[in-house]
Amino acid sequence: MTPTEAQVANLVADGLTDKEIAAQLGMAPNTVRNHVRAVLTKAGVGNRTKFAVMYLAGTS
């Protein structure tokens, strides 16, 4: 995972929307969507909720 993907992953796990992540990181929403897609693909999950559960379980 790239450093940017890691930042996006943390924010997805915190429950932020693409628009909120974009504002926080100073990116375009489409760029965030691309990063989210990459994160979900690399994690092998199909949605944000499953990713957040898996991610948070791994960081506990």
Side-chain angles (χ1 to χ4, degrees):
M1 192 177 298
T2 69
T4 303
E5 288 171 354
Q7 285 181 303
V8 170
N10 282 320
L11 297 172
V12 167
D14 286 342
L16 275 67
T17 65
D18 289 350
K19 192 173 183 179
E20 293 167 332
I21 294 169
Q24 190 161 339
L25 297 180
M27 297 178 181
N30 284 338
T31 302
V32 172
R33 275 191 280 282
N34 290 336
H35 286 301
V36 170
R37 189 177 316 120
V39 166
L40 297 180
T41 299
K42 289 179 180 182
V45 295
N47 66 59
R48 297 165 88 99
T49 303
K50 287 181 183 178
F51 173 78
V53 170
M54 182 189 77
Y55 186 84
L56 295 173
T59 60
S60 300

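Numbers here simply count residues along the sequence, with the first being 1. For clarity, every value in this text was computed on a predicted model and none was experimentally measured.
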S.K.: Tell me whether I21 shares a hydrophobic cluster with L56, the cluster being built from Ile, Leu, Val, Met, Phe, Trp, Tyr side chains joined at under 4.5 Å.
M.R.: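 Looking at the clustering, L56 is in the same group as I21.
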
S.K.: Might you point out which heavy atoms bring A9 and M1 nearest each other, and give the distance in Å?
M.R.: CB-SD, 4.0 Å

S.K.: Return the minimal non-hydrogen interatomic distance between A28 and A22, and the atom names on each side.
M.R.: C-CB, 4.0 Å

S.K.: State whether the side chain of R48 and the backbone N or O of L16 hold a donor-acceptor pair below 3.5 Å, judged by distance alone.
M.R.: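 Side chain of R48 to backbone of L16, a donor-acceptor pair under 3.5 Å: yes, one is there.
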
S.K.: Taking all heavy atoms of F51 and all of A43, pick out the closest pair and write down the distance.
M.R.: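 Minimum heavy-atom separation between F51 and A43: CD1-CB, 3.8 Å.
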
S.K.: For K42, I'd like to know if atom NZ has over 12 heavy atoms of other residues, nucleotides or ligands within 6.0 Å.
M.R.: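 Enclosed: over 12 neighbouring heavy atoms sit under 6.0 Å from NZ of K42.
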
S.K.: If two hydrophobic side chains count as joined below 4.5 Å and joins carry through other members, does V53 share a cluster with V12?
M.R.: no

S.K.: Atom NZ of K19 and atom CZ of R33: how far apart are they, to the nearest 0.5 Å?
M.R.: 10.5 Å

S.K.: With a 4.5 Å cut-off on side-chain heavy-atom distances among I, L, V, M, F, W and Y, is there a chain of contacts connecting M54 to L11?
M.R.: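 Hydrophobic grouping puts M54 with L11.
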
S.K.: In the structure I gave you, are the side-chain heavy atoms of V32 and L25 within less than 4.5 Å of one another anywhere?
M.R.: no

